[in-house]
Every structure is written in structure tokens, then in C-alpha cells.
Amino acid sequence: MDFTLKHTASHSEARAGILETDHGKIETPIFMPVGTAGSVKGIHVKDLKEDIGAQIILGNTYHLYLRPGTDIIEQAGGLHKFNGWNGPILTDSGGYQVFSLGDIRKLSEEGAKFQSHIDGSSHLFTPESVIDVQRKIGADIIMAFDECTPGDADFDYAKKSLALTQRWLDRCVNQMVKTIPLYGHNQSLFPIVQGGVYPALREQAARHVTTIPSDGYAIGGLSVGEPEADMYAMIEVVNPILPKDKPRYLMGVGTPVNILEGIDRGIDMFDCVMPTRNGRNGMLFTKNGIINIRNKKWADDFTPVDPDGTSYVDRHYTKAFLRHLVISGEMLGAQIASQHNLAFYLWLVKEARHQILADTFKEWKQEMVIKLAQRL
RNA sequence: GGGGAGAUACCAAAGUGGCCAACUGGGGCGGACUGUAACUCCGCUGACUUUCGUCUUCGUAGGUUCGAAUCCUGCUCUCCCCA
């Protein structure tokens with residue numbers, strides 16, 4: 001997997017690059033739609049590719065392992081064949097579930113034992129098993145198994161948690177070396193920097209991670225309850241330490257503003273459920289601000305969903321109709337909102353890339369950040 | 001014509017002397033959501049008031065009582081059954 005840095009913006013750490021995988025090129029900075037269970041909820045692969053312009057999507061190890069199970073995915077010939085997406089795929093390791101499903105799992109040195117949220121059965125996830133599962137899924141980018149440290153963790157916990165993540169990382173690396181890709185395309189392991197909101201821990205974590213030759217590096221454990229300022233501060237601590245010639249992935253982030261702030265600080269890759277989940281719940285992101293389409297004020301607004309939008313749905317449907325669909329609980333409402341939001345997120349990073357290449361990123365970003373946060 | 005049941009807030013529906021401005025659902029209005037246990041969750045929903053609180057409500061008009069959505073009487077209306 002090759003990463004080529006095309007340009008770094010002036011007065012900013014923002015970078016434009018190209019990440020080449022066996023399933024195609026990714027122009028960075030990039031936003032990666034989340035498809036936890038193998039599908040980006042409510043969105044056809046055709047729309048992802050042609051309308052939204054997605055270049056890479058996510059899958060999730062924990063969820064796909066539980067259902068349909070790795071044997072089915074293997075029989076299908078890997079996730080690409082199974083879900084029909086022939087572009088690059090990145091799988092999260094289940095490290096986020098160690099955080100989000102904290103109530104139904106037990107942590108040990110060995111790994112994380114989950115009680116399935118589906119049927120209650122017990123499943124031990126270890127760094128080794130998680131690599132094996134991701135091999136079987138066939139992800140182009142495999143994430144290391146980590147503990148996503150909660151945003152409110154105190155120093156002692158964050159330190160202990162980081163140490164565990166680091167030991168797990170070594171085991172992941174070993175398991176990668178001991179195993180091979182199953183479907184004829186390469187797979188790259190991205191280590192993850194943890195360390196809570198503590199600069200000293202983040203710095204140490206970043207240094208540790210750079211001792212492991214990788215095709216890319218991730219920053220995790222942010223946007224998990226800590227103040228936004230802490231998130232930005234941690235990025236500023238970590239990014240200068242990470243190798244410049246490798247992509248940096250800020251996991252789970254975020255709002256459109258978060259993404260621009262991340263790009264400004266040198267992040268190349270983002271993913272977040274926000275465009276899809278919030279879309280399903282009636283929130284639309286636009287370049288002029290945020291719309292809650294359920295609000296009464298849109299009831300008789302027969303203008304396009306987003307006159308400036310890039311998606312088919314933006315021009316084809318009206319706000320009043322979309323509001324009607326969302327309020328009525330019609331499936332199509334969730335689909336339109338998700339498609340719009342994803343198209344907007346992909347537009348945002350694409351435009352950021354243009355601005356970086358044109359050396360106008362910083363000024364553009366300053367203006368956008370104000371507009372994007374507005375409530376319409 | 002005879003017999004029976006019932007009228008509660010936007011709708012449905014609890015409540016059958018004080019703990020009732022009134023359970024609960026729906027609807028309405030608003031909010032939350034960041035590597036997805038989420039088409040989910042949380043508020044508010046008589047009026048005035050920032051809170052405390054005050055005032056007007058349970059078909060309608062009276063009455064009993066310290067006190068009524070709850071008991072009594074008249075009236076109006078609705079529904080069901082038998083002819």
C-alpha cells in the first residue's frame with residue numbers, strides 16, 4: 001500500500017495525498033462512510049460510488065463476526081464479494097466496542113470477552129483472533145485491536161489502558177506476520193495511538209507506534225466524551241511525531257467542523273457514523289449549516305433539500321417532502337437524509353483537497369467553520 | 001316503543017370523595033446522537049409565571065361535603081341490545 005503526499009497547505013498542516021490499495025486509489029483527505037454490518041445503512045453500493053463519491057468504506061469486526069459470521073463471509077469470498085463493494089474496505093477491530101459495549105464485556109490481558117448483544121453468548125476477542133477475523137473479512141486496511149479509552153478516564157486508567165493497547169499491538173503485529181491474505185489482495189495493519197487526554201501519554205504512544213513500520217497510523221480514543229479542545233490538542237501532540245509520509249487516520253470523527261479542524265492539523269482519513277445515524281434521525285449537514293428537517297419550519301418549504309448539494313437527492317426532493325417522510329417514519333426519509341449527508345461529507349473533504357492543492361485551505365477553512373456550525 | 005352503557009385534556013384511554021392539572025399510549029413541539037446494541041433515546045405538551053406558585057379544567061346546570069373528575073338531581077348528547 002503506497003501513500004504519496006502531493007501537497008501540504010501553507011500556514012497549515014493540511015495535506016493532500018493519494019493512498020493506493022489493491023482495490024483502488026483514495027484521494028486524501030478522505031471521509032470513509034461507516035458500514036458496520038457490511039452495509040452503509042440505507043445506501044446502495046451504486047449510490048455510494050456514483051452519487052456520493054465514496055472511495056473507501058468501513059466494516060466492523062465485532063459485528064460481522066457475530067453476524068453473519070466469518071464462515072459465511074469466507075464462503076462468499078470475502079466482504080468485497082459479499083456486499084458488492086469493490087473499492088477499498090477498512091475494518092475496525094472491535095476496539096470501539098470494548099468502549100461502547102463496556103457493560104457487556106470483561107477485559108483481561110488475554111483480550112476482551114463479550115457477551116453477544118444479539119443472543120448473550122460469550123465470545124473472547126484477542127489481538128490474534130481479531131487479526132484472523134479481519135483476514136477472513138478481507139479488509140484492505142486492518143485495525144489493531146485496542147481499548148478505546150473513555151474520554152473521561154483519569155490519568156492512571158488512561159496509562160494502564162494505553163499499556164494494554166500497546167501489548168495488544170505487538171501481538172497484532174506478530175499475528176499479521178504469521179498469517180497471509182486469503183483473497184489475493186494485500187492487507188495493511190494500522191496501529192492505533194491511545195493515551196486519553198494526556199499529552200505525555202499521547203506523545204509516548206505516538207513514539208511507540210512509529211517504531212512499527214506500517215502503511216498508516218491511527219489516532220483513537222477521541223470524540224468519546226472529552227472536550228473538543230482536548231481532541232484538537234491531542235491531535236497536535238501526536239501528528240508531529242507520526243511519519244509525514246504515511247496517512248494518519250483520526251478514528252470516529254466527526255462533525256464537519258471537526259473534520260476541517262482535523263485536516264488543518266494534518267489528518268488524512270476520517271470516519272464517523274454521524275452522517276448516517278444523524279441523517280436517519282433527521283439532521284442534515286449543509287455547507288450553510290445544520291438543518292433539523294423535523295422542525296415545523298420546513299413543513300411548507302418546497303425548495304430542494306440542498307440547492308447547493310452534489311447528490312441526486314438534493315435536487316430531486318424538497319425539504320417539505322423529506323420532512324414528511326422523516327416524520328412519518330418512512331424508510332425513504334432515512335435513505336434520502338443519509339445519502340445527502342454522505343454526499344455532503346464527501347464533498348467537504350474533496351473541496352478541502354482542492355483548497356489545499358490551491359494553497360487556499362486556511363482561509364477557506366476559517367470561513368467554512370463558522371458557516372458549518374450554524375443552525376438553520 | 002322497551003332495556004342497557006357512557007360522556008375525562010388534540011385523539012385514545014386510566015382514574016370512581018382528599019396523595020389529580022389528572023396514569024399510560026398516540027399525535028404535536030423541541031433536543032441529543034462522533035472507530036453504529038441507535039429508522040434510537042430524552043424533554044415539554046390547560047393558562048400565566050424564571051422558579052416557588054397562582055388561576056381555570058374532567059358533557060351541562062344545580063346540589064351534598066371541610067373537600068368532588070369521582071356522590072345526588074335535572075338537562076343535552078352518544079353508543080349497544082331487543083322489538
Side-chain angles (χ1 to χ4, degrees), chain A residues 31-43 56-64 66-67 89-105 114-120 130 134 139 141-151 165 190-194 218-228 230-231 249-259 261-262 267 269-285 290 292-299 322-323 325-338 341 345 375:
Chain A
F31 176 81
M32 309 181 281
V34 178
T36 303
S39 89
V40 177
K41 293 187 193 302
I43 306 294
I56 170 172
I57 64 172
L58 261 66
N60 181 276
T61 301
Y62 168 85
H63 290 280
L64 290 170
L66 285 182
R67 198 164 55 189
I89 292 176
L90 179 153
T91 42
D92 181 42
S93 60
Y96 186 73
Q97 279 64 44
V98 173
F99 159 73
S100 68
L101 302 181
D103 294 338
I104 54 170
R105 59 94 176 125
F114 288 93
Q115 214 170 355
S116 163
H117 68 282
I118 298 168
D119 63 7
V130 158
Q134 292 181 96
I141 298 173
I142 287 175
M143 298 310 299
F145 193 43
D146 64 336
E147 180 191 3
C148 176
T149 309
T165 288
F190 280 24
I192 303 170
V193 172
Q194 289 289 342
I219 305 175
L222 294 176
S223 66
V224 283
E226 80 288 355
E228 224 167 44
D230 287 349
M231 171 169 81
Y249 165 28
L250 179 59
M251 306 184 75
V253 174
T255 66
V257 170
N258 290 160
I259 287 172
E261 295 293 356
I267 300 292
M269 303 164 70
F270 302 85
D271 79 281
C272 191
V273 304
M274 196 169 275
T276 44
R277 179 193 287 165
N278 289 31
R280 286 197 302 281
N281 295 330
M283 183 180 279
L284 305 180
F285 299 95
I290 296 166
N292 182 345
I293 199 65
R294 292 184 320 194
N295 287 173
K296 193 181 184 68
K297 60 181 157 190
W298 308 114
L322 178 55
R323 175 179 193 270
L325 293 178
V326 170
I327 285 198
S328 304
E330 289 287 327
M331 295 190 282
L332 185 59
Q335 291 178 286
I336 292 171
S338 298
N341 280 345
Y345 267 62
R375 298 287 179 141

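Everything numeric here is computed off the predicted structure, so don't read it as measured data. In what follows, chains carry the letters A, B, and so on, assigned in the order in which the sequence lines appear, proteins first and then strands, with residues in each chain numbered from 1.
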(message) Looking at Asp119(A), I want to see if its CG is surrounded by more than 12 non-hydrogen atoms of other residues, nucleotides or ligands under 6.0 Å.
(response) yes
With a 4.5 Å cut-off on side-chain heavy atoms, are [Y] and [X] touching?
X: Ile336(A); Y: Leu325(A); answer: yes
X: Glu228(A); Y: Glu261(A); answer: no
X: Cys272(A); Y: Val253(A); answer: no

(request) Give a yes/no answer on whether the side chain of Asn60(A) brings an N or O atom under 4.0 Å of OP1 or OP2 in U36(B). (result) yes
With rounding to the closest Å, how many angstrom separate the [atom1] atoms on [N] and [M]?
N: C33(B); M: A21(B); atom1: C1'; result: 33 Å
N: C75(B); M: A83(B); atom1: P; result: 29 Å
N: G18(B); M: G67(B); atom1: C1'; result: 6 Å
N: U78(B); M: C72(B); atom1: P; result: 23 Å
N: C23(B); M: C41(B); atom1: C1'; result: 22 Å
N: A5(B); M: G53(B); atom1: C1'; result: 41 Å
N: C58(B); M: U70(B); atom1: C1'; result: 10 Å
N: U64(B); M: A14(B); atom1: C1'; result: 26 Å

Hey, does [X] reach any base, or is it just sugar-phosphate, or nothing, if we go heavy atoms under 4.0 Å?
X: Ser116(A); result: nothing
X: Asn295(A); result: sugar-phosphate
X: Gly221(A); result: base
X: Gln194(A); result: base
X: Asn292(A); result: sugar-phosphate
X: Ile141(A); result: nothing
X: Arg375(A); result: sugar-phosphate
X: Ile192(A); result: base
X: Asn278(A); result: base
X: Glu228(A); result: base

Atom [atom1] of [X] and atom [atom2] of [N]: how far apart are they, to the nearest Å?
X: Tyr345(A); N: U36(B); atom1: OH; atom2: P; result: 14 Å
X: Met283(A); N: A32(B); atom1: CE; atom2: C1'; result: 8 Å
X: Gln134(A); N: G35(B); atom1: CD; atom2: P; result: 17 Å
X: Ile327(A); N: G26(B); atom1: CD1; atom2: C1'; result: 15 Å
X: Leu284(A); N: G31(B); atom1: CG; atom2: C1'; result: 16 Å
X: Lys296(A); N: G31(B); atom1: NZ; atom2: C1'; result: 17 Å
X: Leu90(A); N: G35(B); atom1: CG; atom2: P; result: 13 Å
X: Ile293(A); N: C29(B); atom1: CD1; atom2: P; result: 13 Å

Under a 3.5 Å limit for both distances, which nucleotide forms a Watson-Crick or G-U wobble pair with [N], could you say?
N: C71(B); result: G63(B)
N: C44(B); result: G28(B)
N: G1(B); result: C82(B)
N: A7(B); result: U76(B)

(request) Assess the pair Tyr62(A) and His117(A): is the distance between their ring centroids shorter than 6.0 Å? (result) yes
(request) Would you please indicate yes or no on a ring centroid separation below 6.0 angstrom for Phe31(A) and Tyr345(A)? (result) yes
(request) State which residues pass side-chain contact (heavy atoms from CB on, under 4.5 Å) with Arg277(A); sequence neighbours excluded, sorted by chain then number. (result) Val273(A), Arg280(A), Asn281(A)
(request) Indicate for each nucleotide in nucleotides 37-44 of chain B, in 5' to 3' sequence, whether protein heavy atoms under 4.0 Å reach the base (B), only the sugar-phosphate (S), or nothing (-). (result) BBSB----
(message) The test is side-chain hydrogen bond (donor to acceptor under 3.5 Å, both in side chains); show your working for Thr91(A) and Gln134(A) and say whether it passes.
(response) CA-CA 7 Å; Thr91(A) 42; Gln134(A) 292 181 96; 2.8 Å; yes
(message) I'd like to know if the side chain of Ser223(A) and the backbone of Gly254(A) have a donor-acceptor N/O pair within less than 3.5 Å.
(response) no
(request) Ignoring hydrogens and angles, state whether a donor on the side chain of Tyr249(A) or Asp271(A) is under 3.5 Å from an acceptor on the partner side chain. (result) yes
